[in-house]
2 protein chains.
Amino acid sequence: MKWQQRKSWETRRKLLNAALICLERDGFHSFRLDRVAGEAGVSKGALTHHFANKDDLLVHAIEKVLDEFVEALACGADEFHDGHLTLDGFLDLVWHYMSGQLYMVTLEIALKARHEPDFKNLLTPQVRRFHSRIDDIWERLFPHLPPERSRHLMNLSMNLLRGMGTQSVFREDSQYFNELLNSWKAILRQEVAS
Amino acid sequence: MKWQQRKSWETRRKLLNAALICLERDGFHSFRLDRVAGEAGVSKGALTHHFANKDDLLVHAIEKVLDEFVEALACGADEFHDGHLTLDGFLDLVWHYMSGQLYMVTLEIALKARHEPDFKNLLTPQVRRFHSRIDDIWERLFPHLPPERSRHLMNLSMNLLRGMGTQSVFREDSQYFNELLNSWKAILRQEVAS
DNA sequence: ATAATAAAACCGACTTGACGGTTTGTTTTT
DNA sequence: AAAAACAAACCGTCAAGTCGGTTTTATTAT
């Protein structure tokens, strides 16, 4: 009960990784189980052995990606408190994730969830957990501000970056996004100070 | 050459409307031509008569929805200049559209375009036209500001609303979004004044 | 220790249903 | 009569899920 378990865990991990790669590359509409298996270097049978169906695979994949994101943000917040990271740097960190694989994957999944109530129900626990953890991180970021104001500034920031991430589908212009991010940094600094 | 043309034009319009309804309700992944035909109250044969294929239908549908949006925004800008609409009211107008059918449809289409270069090429002329028209509208909104600053504030606003629109997939809480919008209105007022 | 047995991991062919596009037929207008 | 507008049956493709089989690892009995 050791070699087997490790091997199993390993292929599971490979499958989840492959699923994320496929989801980001092909989009949910063209997300094919055999391609995931191929990308992971295992057979389709192995996939069905580890995950009951497509939705099951997707739910676990999104769980993984959200966890990694929260983890990275928590680290960033810690560095911020230790003085190793500025507020600007923290925003850069968030933008790094929102402009990469993470956001595109969550976007694909969100649209799927929007049209499939069952899938949405499968996902909402994860999403709630995610949001509350993010809330905590940002609240710790500005302990001198009233919690409500802290939440507002966070939600404004996150939604702005969300929107920028969405726009990046059609506009690939890092110069433009940097300018935009800088504008917001300036505003945020001012708001935090006052 | 009259009755026929009018009838043709009418079913075309019905098909485009139906396509938008289906796209918003079912999402692109579950967007089915026969459902569009059913929603429009015509046969599938009629659909193929008017549109070469799925992509063709989608391109024309998105063209329609973008035009309507720009039209509404232009009207809002006019009212703003006539003093019949405040800046807050203008933002409300934009949010009205970004939280409704328009944004979800463009989101579905954007994700499709992201993974299908041919489709993206079909669309980019429309998107460019759209962006430049929006640019103009916002620049006229703040003629006393330098154009670059005007553009920045516009892009911040639009991206914030975009992000909020995206979040509304999982969080249906108009109270929350109103608060967020109000926060931004306050910030924007301040930025425009300075 | 080793053979027998169980159990898990994995493979890949097949079924089944769905949908986009085609094609053929019918009605209506010019 | 000719062409346009529409209707509806049809077909080929494609992928998700199923399932019987195979290999590898763990457990148990002798």
Side-chain angles (χ1 to χ4, degrees), chain A residues 1-23 25-62 108-109 112-113 115-116 118-119 122, chain B residues 1-23 25-62 108-109 112-113 115-116 118-119 122:
Chain A
M1 234 233 261
K2 226 175 192 178
W3 206 244
Q4 224 168 30
Q5 213 167 45
R6 269 209 12 190
K7 185 110 190 293
S8 173
W9 194 78
E10 175 63 15
T11 56
R12 218 183 135 85
R13 198 192 56 81
K14 278 197 284 188
L15 280 168
L16 288 176
N17 262 341
L20 290 174
I21 290 171
C22 287
L23 200 52
R25 191 191 53 205
D26 304 335
F28 163 64
H29 178 68
S30 303
F31 181 81
R32 297 293 127 85
L33 291 182
D34 48 4
R35 279 195 220 166
V36 173
E39 183 75 33
V42 301
S43 75
K44 207 181 148 196
L47 197 158
T48 58
H49 176 71
H50 283 279
F51 299 96
N53 51 37
K54 213 176 180 179
D55 283 2
D56 188 36
L57 173 63
L58 287 175
V59 167
H60 285 94
I62 201 71
E108 297 279 353
I109 291 294
K112 175 179 166 64
H115 302 292
E116 298 175 22
D118 291 349
F119 185 70
L122 239 53
Chain B
M1 232 232 260
K2 224 173 194 178
W3 282 104
Q4 227 167 27
Q5 213 169 44
R6 269 211 8 196
K7 186 108 189 293
S8 172
W9 195 78
E10 174 65 14
T11 58
R12 216 183 137 84
R13 199 190 56 79
K14 277 196 287 190
L15 282 167
L16 287 176
N17 262 339
L20 291 174
I21 289 171
C22 287
L23 200 53
R25 190 191 52 207
D26 304 335
F28 163 63
H29 178 69
S30 304
F31 181 80
R32 298 295 128 87
L33 291 181
D34 48 4
R35 278 194 222 168
V36 174
E39 183 74 33
V42 301
S43 76
K44 209 178 143 193
L47 196 158
T48 59
H49 177 72
H50 284 278
F51 299 96
N53 51 37
K54 210 177 181 177
D55 283 2
D56 188 36
L57 173 62
L58 287 175
V59 168
H60 285 94
I62 200 74
E108 297 279 351
I109 291 293
K112 174 179 166 65
H115 303 290
E116 300 176 21
D118 292 349
F119 185 69
L122 240 53

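Naming convention: chains lettered A, B, ... in sequence-line order (proteins, then strands); numbering from 1 in each chain.
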Please give me the minimum heavy-atom distance between B/Arg35 and B/Arg25, naming the atom from each residue.
CD-NH2, 4.4 Å
Rounded distance (Å) that lies between atom C1' of C/dA7 and atom CD of A/Gln5
14 Å
d(CG, A/Leu57; P, D/dA15) in whole Å
16 Å
Can you list the residues that meet the side chain to side chain contact (heavy atoms under 4.5 Å, CB included) rule with A/His115, with sequence neighbours excluded?
B/Glu108
Sequence-distant partners of B/Phe51, ring pair (Phe, Tyr, Trp, His ring centres under 6.0 Å), two or more places apart
B/His60
Looking only at heavy atoms, which two atoms of A/Leu47 and A/Ala37 are closest? And how far apart?
CD1-N, 4.0 Å
How close or far is atom C1' of D/dT18 from atom CG of A/Asp56, stated in whole angstroms?
16 Å
For a 4.5 angstrom cut-off between non-hydrogen side-chain atoms, does A/Leu58 reach A/Leu23?
yes
Using whole Å, what does the distance between atom C1' of nucleotide D/dT25 and atom CZ of A/Arg6 come to?
14 Å
Using whole Å, report how far CZ of A/Phe51 lies from C1' of C/dC10.
14 Å
Check this one for me: any side-chain N or O of A/His49 less than 4.0 Å away from OP1 or OP2 of C/dC10?
no
Can you tell me how far P of D/dT24 sits from NZ of A/Lys7, to the nearest Å?
9 Å
Intermediate values then yes/no, salt bridge (charged side-chain N to carboxylate O under 4.0 Å, His left out), B/Glu10 and B/Arg13:
CA-CA 5 Å; B/Glu10 174 65 14; B/Arg13 199 190 56 79; 3.1 Å; yes
Quick one, B/Asp118 and B/Asp55 - any side-chain contact, counting heavy atoms below 4.5 Å?
no
Check whether any side-chain N or O of B/His50 sits under 4.0 Å from OP1 or OP2 of D/dC6, and answer yes or no.
yes
On the nucleotide D/dA4, are OP1 or OP2 found under 4.0 Å from the side-chain N or O atoms that B/Ser8 carries?
no
Counting primed atoms, P, OP1 and OP2 as sugar-phosphate and everything else as base, the B/S/- map of nucleotides 20-27 of chain C against protein heavy atoms under 4.0 Å is BBB-----
Spacing between B/Leu47 atom CG and D/dA7 atom P, to the nearest angstrom
11 Å
Whole angstrom value for the distance that separates P of D/dA5 from CG of B/Leu15:
13 Å
